Colleague: 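I have a structure here, written as structure tokens, and I will follow up with some questions on it.
Everything numeric here is computed off the predicted structure, so don't read it as measured data. The basis for the numbers below is simple: all heavy atoms, side chains too, and nothing from hydrogens, waters or symmetry mates. Just follow the structure's listing: the first ligand is 1, and inside any ligand the first atom is 1.
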Amino acid sequence: MGTERISPMASKVFAMLLLLLLHNPIQASPIKTIVVLVMENRSFDHMLGWMKKLNPKINGVDGSEWNALSVTDPNSKRFYFDNKSHYVDPDPGHSFQAIREQIFGSADTSAHPAPMIGFAQEAYSMDNTTNMSRSVMNGFPPNKVPVYQALVSEFAVFDRWFASVPSSTQPNRLFVHSGTSGGATSNIGSLLAKGYPQRTIFEDLDAAGISFGIYYQNLPTTLFYRNLRKLKYVGKFHEYGLSFKKDAKAGKLPGYVVVEQRYFDLKGSPANDDHPSHDVYQGQVFVKEVYETLRASPQWNQTLFVITYDEHGGFYDHVPTPVRGVPSPDGIVGPEPFNFTFNRLGVRVPTIVISPWIEKGTGKS
Ligand SMILES: *[C@@H]1O[C@H](CO)[C@@H](O)[C@H](O)[C@H]1NC(C)=O
Ligand SMILES: *[C@@H]1O[C@H](CO)[C@@H](O)[C@H](O)[C@H]1NC(C)=O
Ligand SMILES: *[C@@H]1O[C@H](CO)[C@@H](O)[C@H](O)[C@H]1NC(C)=O
Ligand SMILES: *[C@@H]1O[C@H](CO)[C@@H](O)[C@H](O)[C@H]1NC(C)=O
Ligand SMILES: *[C@@H]1O[C@H](CO)[C@@H](O)[C@H](O)[C@H]1NC(C)=O
Ligand SMILES: CC(=O)N[C@H]1CO[C@H](CO)[C@@H](O)[C@@H]1O
């Protein structure tokens, strides 16, 4: 497993890669269990950019990167990328329009490569104290995200992995297991409640005779796929606390495992999805728990664990997001007023792939 450039259609390719790994009749793969954890709303540079200090092959930051408060004013205050992120951050904008401004500095999307200049400016439009502008131009020093620090140094970090849609959480989460958002470019409660109709990797796995299971905490977002609500899949949903450690310990994890985190704070159980303003420390504790559980499982030797993020959550990233040659997954055009044709990707997000079959410290662009 290397970290060669992942094609722009990250999740579509991702889904195919997973199927291939699990179901390759020609070459026997040692991987029999793939575990997927999709964290929330943080960019690559925000979480992992400073890890370049530990491994110069990682396409991260060195502090020379900056955004101006106003992209049209040459004398505007500059915010250089810094290492002072806090565990509990404000929640910057990440709607379709907000992300367009972050990437291009305006509503004009013609620039190529994408300039990545409008993060501080967009944050300023939400908070004119400049506090949020400063916070989007910051990342964590490696020792403040020690679990990722360890995983990045031991396994593979992907530094060319972009959110599938330059928009919010649910369109991107829909992409993860079905390679499309079915036209969604925002979180639309009524459509999510109805469920999205597209075919997913779960039906493909089912058809190929490969087992799958969803270990959820307070809400399985995989239920936003209508097909997963079929009665025959009821037994695929397991309460994380009751079943994950037990199944892992017994060597009974299915072939494709989705671990869903706690998306809401409950009394005594803080949210652990890393979505601002949720505490990143809780996310670290959770990732560590999943990792330790897998490592201790008799299935570890055949396991591939993928940690990725749905989207960048409004935080700066310096790598131009692909804006040319991105194929639409299904030709569906997004709703007005943007009529988005799914011809560009979102901002780069952290992705770490973990397996005993991965060479230590794999990370290059
Ligand atoms: C791990 O898997 C490989 C190939 O499937 C096998 O040769 C090896 O013995 C296994 N090691 C352990 C510790 O199970
Ligand atoms: C910031 O916004 C507040 C109102 O929302 C306004 O009173 C204040 O003048 C603004 N400050 C600056 C620096 O624009
Ligand atoms: C902005 O940050 C300053 C200094 O950290 C703090 O005193 C102030 O309360 C913050 N303002 C807002 C609106 O968060
Ligand atoms: C943050 O960056 C500064 C300047 O490069 C450096 O001196 C400092 O040690 C860094 N802080 C941490 C916690 O890594
Ligand atoms: C989006 O599509 C609608 C309906 O086809 C059309 O009326 C509108 O002008 C389009 N808007 C843009 C910005 O292309
Ligand atoms: C769990 C959570 O709060 N996630 C948020 C991530 O961002 C989207 C917007 O894209 C919010 O709607 C989600 O609530």
Side-chain angles (χ1 to χ4, degrees), residues 42-56 58-67 69 77-93 95-101 103-104 106-111 119-153 157 165-167 171 181-186 188 191 276-281 283-284 313-318 323 326 328 330-344 350 363:
R42 307 273 176 175
S43 73
F44 184 99
D45 280 345
H46 178 64
M47 295 305 280
L48 306 181
W50 287 105
M51 304 234 176
K52 182 179 180 176
K53 277 204 164 154
L54 310 177
N55 179 351
I58 295 172
N59 186 356
V61 293
D62 58 21
S64 64
E65 305 78 11
W66 56 274
N67 262 195
L69 202 53
K77 180 176 168 57
R78 287 182 179 187
F79 290 86
Y80 282 87
F81 199 77
D82 206 346
N83 59 8
K84 297 190 177 60
S85 281
H86 302 289
Y87 285 143
V88 179
D89 267 328
D91 187 9
S95 63
F96 186 84
Q97 312 86 290
I99 296 172
R100 187 177 56 189
E101 180 175 349
I103 294 173
F104 297 101
S106 74
D108 176 356
T109 61
S110 59
F119 290 80
Q121 173 180 283
E122 200 281 326
Y124 189 64
S125 72
M126 293 179 71
D127 165 16
N128 74 4
T129 66
T130 73
N131 283 14
M132 190 182 279
S133 299
R134 193 172 308 112
S135 114
V136 300
M137 296 304 294
N138 264 285
F140 290 99
N143 61 9
K144 277 192 94 175
V145 280
V147 176
Y148 285 165
Q149 179 177 356
L151 295 177
V152 164
S153 68
V157 60
V165 194
S167 186
S181 67
T185 54
S186 64
I188 306 164
L191 293 181
S277 60
H278 301 154
D279 187 335
V280 166
Y281 180 74
Q284 291 286 288
F315 292 96
Y316 175 78
D317 197 89
H318 79 283
V323 295
V326 176
S328 166
D330 49 18
I332 301 177
V333 176
E336 294 184 52
F338 307 117
N339 302 353
F340 184 56
T341 57
F342 295 86
N343 58 351
R344 40 185 188 88

Colleague: Under 3.5 Å, N or O to N or O, is Glu336 touching ligand 5 that way?
Modeller: no
Colleague: Quick check on contacts: which atoms of ligand 3 are under 4.0 angstrom from a heavy atom of Thr129?
Modeller: 13 (C)
Colleague: Need the ligand 5 atom indices (1-based, order shown) with element for anything under 4.0 Å from a heavy-atom of Pro337.
Modeller: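 Those of ligand 5 that fall under 4.0 Å from Pro337 are 13 (C).
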Colleague: Looking only at side chains, do Ser110 and Asp108 share a donor and an acceptor under 3.5 Å apart?
Modeller: yes
Colleague: Do Val145 and Met51 make a side-chain contact, defined as non-hydrogen atoms from C-beta onward lying under 4.5 Å apart?
Modeller: yes
Colleague: Who's closest to atom 1 (C) of ligand 4 heavy-atom-wise, of Asn138, Asn83, Asn143?
Modeller: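 Result: the heavy atom closest to atom 1 (C) of ligand 4 is in Asn83.
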Colleague: Could you tell me the residue and atom name of the protein heavy atom closest to atom 14 (O) of ligand 4, and the distance to it rounded to 0.1 Å?
Modeller: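 Minimum-distance protein heavy atom for atom 14 (O) of ligand 4 reads Pro141 CB, 3.5 Å.
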Colleague: Atom 9 (O) of ligand 5: which protein heavy atom is closest, and how many Å away?
Modeller: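 For atom 9 (O) of ligand 5, the nearest protein heavy atom is Asn339 ND2, 4.8 Å.
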Colleague: Which class fits the ring pair Phe119 and Tyr316: parallel under 30°, tilted 30 to 60°, perpendicular over 60°?
Modeller: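 Taking Tyr316 first and then Phe119, their aromatic rings stand perpendicular (interplane angle over 60°).
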Colleague: Find out whether Thr130 and Leu69 are in side-chain contact, i.e. whether some heavy atom of one side chain is under 4.5 Å from a heavy atom of the other.
Modeller: yes
Colleague: Return a yes/no value: protein heavy atom under 4.0 Å from atom 11 (N) of ligand 4?
Modeller: yes
Colleague: Answer yes if a protein heavy atom lies under 4.0 Å from atom 5 (O) of ligand 3, otherwise answer no.
Modeller: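 Protein heavy atoms within 4.0 Å of atom 5 (O) of ligand 3 - there are none.
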Colleague: Under a 3.5 Å threshold, yes or no: a donor from one side chain and an acceptor from the other, between Asn59 and His318?
Modeller: yes
Colleague: Do Trp50 and Pro141 come close enough that some side-chain heavy atom pair is under 4.5 Å?
Modeller: no
Colleague: Would you mind listing which atoms of ligand 3 come within a distance below 4.0 Å of any non-hydrogen atom of Asn131?
Modeller: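 Those atoms are 1 (C), 2 (O), 3 (C), 8 (C), 10 (C), 11 (N), 12 (C), 14 (O).
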Colleague: Can you find a heavy atom in the side chain of Val152 that is under 4.5 Å from one in the side chain of Leu54?
Modeller: no
